[in-house]
Amino acid sequence: MLGGYEWVVLVLASFRLTRLLIHDQITGWLRKPFLEVKEDHTTDQPYYYIEPKGKGLRRWLGMLLSCYWCMGVWTTAFLYISWILLSPPSIYVIHILALAGAAAILEAFFKRYME
């Protein structure tokens with residue numbers, strides 16, 4: 001059974017891992033085979049959006065990699081199961097992700113309210 005501290009750590013780690021996979025430039029190579037950027041020029045300013053490529057598994061992975069809510073479920077499940085089954089090695093990685101998640105939240109807060 002996990003206590004409050006462990007839940008907070010898992011929430012922050014899940015947030016950071018999901019953001020890493022969905023948005024961060026460093027993992028663009030991972031998304032590229034499954035997603036393509038499209039342009040819509042029907043208005044004065046072009047509108048860019050992401051669309052999954054292909055069919056079947058490739059399309060499913062593209063949909064997963066473009067949906068923050070969907071990927072969040074899978075990253076949370078992965079981290080939770082890792083915490084339970086692969087403890088203690090996975091706990092170190094989860095703590096690093098949690099610290100990075102907390103730092104990202106603080107950075108966003110200070111950028112918005114302190115500048």
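Keep in mind that this is a model prediction, so the values were computed, not measured. The basis for the numbers below is simple: all heavy atoms, side chains too, and nothing from hydrogens, waters or symmetry mates.
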In sequence, state the C-alpha distance, the side-chain angles, and the governing distance for Trp74 and Thr18, and then conclude on side chain to side chain contact (heavy atoms under 4.5 Å, CB included).
CA-CA 9 Å; Trp74 291 100; Thr18 301; over 6 Å; no
Could you please spell out the steps behind the side chain to side chain contact (heavy atoms under 4.5 Å, CB included) verdict for Thr76 and Leu10?
CA-CA 7 Å; Thr76 302; Leu10 283 169; over 6 Å; no
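Under the rule for a side chain to side chain contact (heavy atoms under 4.5 Å, CB included), Ile96 has no partner lying at least two apart in sequence or in another chain.
A single hydrophobic cluster is not seen to contain both Val9 and Tyr92; linkage of ILVMFWY side chains at heavy-atom distances under 4.5 Å, directly or through other members, places them apart. Cluster annotation: Leu65 and Ile26 are assigned to the same hydrophobic cluster (Ile/Leu/Val/Met/Phe/Trp/Tyr, side-chain heavy-atom contacts under 4.5 Å, transitive). No path of Ile, Leu, Val, Met, Phe, Trp and Tyr side chains, each step under 4.5 Å between heavy atoms, connects Met71 with Val11, placing them in separate hydrophobic clusters. Hydrophobic cluster membership differs between Leu99 and Trp7, with clusters built from Ile, Leu, Val, Met, Phe, Trp and Tyr side chains linked at under 4.5 angstrom. Hydrophobic clustering of Ile, Leu, Val, Met, Phe, Trp and Tyr side chains at less than 4.5 Å, counting indirect connections, unites Leu17 with Tyr68.
Between Leu64 and Phe34, every side-chain heavy-atom pair lies at or beyond the 4.5 Å cut-off.
Side-chain rings of Phe78 and Trp83 stay apart, their centers remaining 6.0 Å or farther from each other.
The pair Lys53-Glu36 does not meet the salt-bridge criterion, since no charged nitrogen lies less than 4.0 angstrom from a carboxylate oxygen. At a threshold of 4.0 Å, the pair Asp24-Arg31 does not count as salt-bridged, since none of the basic side-chain nitrogens sits closer than that to a carboxylate oxygen.
Considering every non-hydrogen atom in both Arg59 and Pro52, the closest pair reads NH1-O, 3.1 Å. Across Ile94 and Leu79, no two heavy atoms sit closer than the pair CD1-O, 3.5 Å. Nearest heavy-atom pair across Ser66 and Met63 is OG-O, 3.1 Å.
For the pair His95 (side chain) and Ile91 (backbone), a donor-acceptor distance under 3.5 Å is present. Although no hydrogens or angles enter the test, the distance criterion places no donor-acceptor pair under 3.5 Å between the side chain of Arg19 and the main chain of Gly101.
Between Tyr47 and Tyr49, the ring-plane angle classifies as parallel under the 30° and 60° cut-offs.
Around CH2 of Trp60, the count of heavy atoms belonging to other residues, nucleotides or ligands within 6.0 Å exceeds 12. A 6.0 Å sphere centred on CD1 of Ile84 holds more than 12 heavy atoms belonging to other residues, nucleotides or ligands.
With no hydrogens or angles considered, no side-chain donor-acceptor pair links Thr75 and Ser14 at under 3.5 Å.
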